A.B. asks: 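Sharing a structure, written as structure tokens. Questions coming.
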Amino acid sequence: VELGVLSTQAPSVGLGNGPATATGASTTRRSPAWLGIAPFVIYTVIFLGLPLYEVITGAFTGAEGGTTFSNVSQTFSQPEYLNSFKGSLILAVWTAAAGAIFGTWLAYAVVVSKPTSPLRRIVQTGSGVLAYFAGVPLAFAFIAALGRPGAGVVTDILDSVGIHLYNHGFNIVSIFGLGLCYVYFQVPLMVILITPALEGLRNEWREAAAGLGATSWRYWRHIGGPVLAPPFISSFLLLFGNAFAAYATALALLNGSVNLVPSQIAFALSGNVLVNQTGIGLALGVEMIVVTAIVMILYAVIVRRASRWSSS
Amino acid sequence: MPRQGIRWWRGIILIAALLFFLGPIAAAIRFALEGDNGGTTFANFGAFVSNGDVRSSLYTSLEIGGLTVAVVLLLMVPTVVFVRLRMPRLTILLDTVTILPIVIPPVVMAAGLYALQNNSGKTIQNLLFASPLTALTPFYVILAMPFTYRSLDTGVRAIDLRTLVDAARNLGASWTRVLVSVVLPNIQSAVLGSAFLTLALVLGEVILSRLLLYNTLPVEMISIGDQGTAGVPVALSVESLIFTWGLLLLISFLGRRRGAGRRVRRTERRLARPDSLDTLTSS
């Protein structure tokens, strides 16, 4: 997909230029204005509001009913839940960092090529489609490639040239293998996110800096770096949120048996072995919402601050 | 700015990217082509016809997909048009509400549904949770909202909506007629884009359906994989990949074809930077 495909455009029809002068709507019988938005509001209140309500109330309801903080406090006191948060955060941070670094590198390698080069088109289109390659199919592709010797196609090829991955503790069915899958969609996502910012780096700035005697390092330190920092950080935040919330790939690759917050939620809900496991699962859910909400708010703040002076 | 001294670092990343991104796809194709006795077979790729369980799960997913697309368009197109036309101040409400499905991870949405299923009475049980079609469709519509809203909103912004609607209304068209015969054809590529991405989302969604125990295609793929035979699910992965990419390339093609014309090209350039959030998938 080209970068602009999601914001597809429609052709104009030559029925007049500029804003309309006649307001046709006012010539008809006016129904109350809110009526038009009513279906959307009713729909979201029921189908988004109800599950959300269930999560929030359930998180603060005890096994015997009544309001309680015990679900939330248990998620902070029991090591298995604390470890799942640690696991999710570590996974999200390193896959977002790897995605951000390699994505920027790849995007820059493309941006410095000629605008007409086929490379640019291939990488842009490829990023668009690869960013959507996630979840169950992605997990199975990685199992096919890097599965245990005798099954994994790439594993066997590497074995035949003397690189025995599985002798060095590698296993695709592991949290590291899962991270490798995440990097697969994080990199293209970063390419999509960072390319506009890289294209915004003007050649003239580099030339001006060079003309004033700046080395390449000083150019990046004082001009390129500071200009790129806000879009880089905001993109990193999106990648982080993307990985933190993800679960489908883990479900397919590890059958959910990995200590991440989503698997603890799924386990708490389907297990029902201990008293009020459901409440704990929902409390973990609320905490996940809080984390992603903080990330999205930070994202919005950075984007807004950056757009204040970089809009052109 | 092609310069001589910077070639090597470009080469490294481009070759690494080529291997890393094409490797798993090529391996998956190779893997799925391998028969039990080591020969080459296309049997795995025919599983969605020959295997009854896969066929019925695919049918379920396609049914849900079609229904979700219909509900999404029926709900979102009139809403976006209405807000643009009559209550632009509500744009901020729509912006905020449609971002919520991104802030609420799918697994948390699934947890909410699970609790709802357990706490609700017989009526809701029968009304909503009796079949995967009624249980999943309404919530997939919610999951699709972030990108459908943004895509449709961008499409509507790019046309002179008020003039079109006023002209049609003055000629005596009903509101339904205005929407179907005037607005829809003009935001065709945005509508098709939303429809395709929604379909792709539904065909890939596994978290809600697995936790609520409905047998959709990805759930079936995982359970076949659990039985120790990865050939079929890997083949299905390749096929779903080709299907999704086909849809995405079709959107791209339609967008470019309709992008002819000077005025539109200007809009296109202005819109060439999509809302970053559009690219977030439920992975």
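Below, read A as the first sequence line, B as the second, and so on, with proteins coming before strands; counting in each chain starts at 1. Nothing here was measured: the structure is a model prediction, and the numbers come from that model.
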A.B. asks: Could you tell me which non-hydrogen atom of A/V154 sits nearest to which non-hydrogen atom of B/A27, and how far apart they are?
C.D. replies: CG2-CB, 4.1 Å
A.B. asks: Test side chain to side chain contact (heavy atoms under 4.5 Å, CB included) on B/T79 and A/I37; report intermediate values, then the result.
C.D. replies: CA-CA 6 Å; B/T79 303; A/I37 194 85; 3.9 Å; yes
A.B. asks: Counting only non-hydrogen atoms closer than 4.5 Å, does A/L119 touch chain B with its backbone (N, CA, C, O), its side chain (CB onward), both, or neither?
C.D. replies: side chain
A.B. asks: Quick one: what part of B/S194 sits under 4.5 Å from any heavy atom of chain A, side chain, backbone, both or neither?
C.D. replies: neither
A.B. asks: Once you round to the nearest 0.5 Å, how far does CG of A/L251 lie from CD1 of B/I222?
C.D. replies: 4.0 Å
A.B. asks: Relative to chain A, which segment of B/L161 carries a heavy atom at a distance below 4.5 Å: side chain, backbone, both, or neither?
C.D. replies: neither
A.B. asks: Let me confirm one number: the CG-CD1 distance from A/L138 to B/I25, rounded to the nearest 0.5 Å.
C.D. replies: 9.0 Å
A.B. asks: Does any heavy atom of chain A fall under 4.5 Å from the side chain of B/P218, the backbone, both, or neither of them?
C.D. replies: both
A.B. asks: Which of these passes side-chain contact (heavy atoms from CB on, under 4.5 Å) with A/F40: B/L94, B/V80, B/L90, B/V83?
C.D. replies: B/L94
A.B. asks: Identify which part of B/V219 has an atom lying under 4.5 Å from any heavy atom of chain A, answering side chain, backbone, both or neither.
C.D. replies: neither
A.B. asks: Nearest heavy-atom pair of B/F20 and A/L180: which atoms, and what distance?
C.D. replies: CZ-O, 3.7 Å
A.B. asks: So which part of B/A17 gets closer than 4.5 Å to some heavy atom of chain A, the side chain, the backbone, both or neither?
C.D. replies: side chain
A.B. asks: Below 4.5 Å from any heavy atom of chain B, which atoms of A/L48 appear? Answer side chain, backbone, both or neither.
C.D. replies: both
A.B. asks: For residues 231-244 of chain B, pull every pair meeting salt bridge (Lys or Arg N to Asp or Glu O under 4.0 Å), keeping only residues two or more places apart or in separate chains.
C.D. replies: none
A.B. asks: Of the listed residues (A/A144, A/A145, A/G152), which shares the most heavy-atom pairs with chain B below a 4.5 Å separation?
C.D. replies: A/A144
A.B. asks: Tell me which of these, A/N255, A/L284, A/I265, has more heavy-atom pairs under 4.5 Å with chain B than the rest.
C.D. replies: A/N255
A.B. asks: In terms of heavy-atom pairs under 4.5 Å, which option from A/V261, A/T44, A/V41 contacts chain B the most?
C.D. replies: A/T44
A.B. asks: Report the relative orientation of the aromatic rings in A/Y108 and B/W9; use parallel for angles under 30°, tilted for 30 to 60°, perpendicular for over 60°.
C.D. replies: parallel
A.B. asks: Can you say whether B/L128 sits under 4.5 Å from chain A via the side chain, the backbone, both, or neither, judging by heavy atoms?
C.D. replies: side chain
A.B. asks: Using non-hydrogen atoms and a 4.5 Å limit, figure out which bit of B/F82 sits close to chain A: side chain, backbone, both or neither.
C.D. replies: side chain
A.B. asks: Where on B/D226 is there a heavy atom nearer than 4.5 Å to chain A: the side chain, the backbone, both, or neither?
C.D. replies: side chain
A.B. asks: Extract all donor-acceptor atom pairs below 3.5 Å that involve side chains of residues 285-297 of chain A and protein atoms in other chains or at least two apart in sequence.
C.D. replies:
unit_1 : atom_1 : unit_2 : atom_2 : d
A/E287 : OE1    : A/T75  : OG1    : 3.3
A/E287 : OE2    : A/T75  : OG1    : 2.7
A/T292 : OG1    : A/M288 : O      : 3.0
A/T292 : OG1    : A/I289 : O      : 3.1
A/T292 : OG1    : B/V103 : O      : 2.5

A.B. asks: Among A/F244, A/F142, A/W105, A/F133, which residue forms the greatest number of heavy-atom pairs with chain B at distances under 4.5 Å?
C.D. replies: A/W105
A.B. asks: Please confirm whether the backbone N or O of B/F21 pairs with a side-chain atom of A/Y184, one donor and one acceptor, at under 3.5 Å?
C.D. replies: yes
A.B. asks: Check A/V55 against B/G112 and note the closest heavy-atom contact, atom names and distance.
C.D. replies: CG2-CA, 3.3 Å
A.B. asks: Which answer fits B/M221, side chain, backbone, both or neither, if we ask what part of it has an atom under 4.5 Å from a heavy atom of chain A?
C.D. replies: both
A.B. asks: Do side-chain atoms of A/Y43 reach the backbone of B/P138 as a donor and acceptor pair under 3.5 angstrom?
C.D. replies: yes
A.B. asks: Is there a side chain to side chain contact (heavy atoms under 4.5 Å, CB included) between B/W245 and A/T125 once you walk through the steps?
C.D. replies: CA-CA 10 Å; B/W245 286 5; A/T125 311; over 6 Å; no
A.B. asks: For the residue pair B/R10 and A/S113, what are the closest heavy atoms and their distance?
C.D. replies: NH2-CB, 3.5 Å
A.B. asks: Any idea which of A/A151, A/P39, A/P262, A/P51 has the most non-hydrogen atom pairs under 4.5 angstrom with chain B?
C.D. replies: A/P51
A.B. asks: How far apart are the C-alpha atoms of B/V141 and A/F47, what are their side-chain angles, what is the distance that settles it, and do they pass the side chain to side chain contact (heavy atoms under 4.5 Å, CB included) test?
C.D. replies: CA-CA 9 Å; B/V141 170; A/F47 294 114; over 6 Å; no
A.B. asks: For A/A248 and B/V206, which heavy atoms make the closest approach, and how far apart are they?
C.D. replies: CB-CG1, 3.5 Å
A.B. asks: Would you compute the distance between atom CG of B/L116 and atom CG of A/L52 and round it to the nearest 0.5 angstrom?
C.D. replies: 12.0 Å
A.B. asks: Side chain, backbone, both or neither: which part of B/L113 has an atom under 4.5 Å from a heavy atom of chain A?
C.D. replies: both
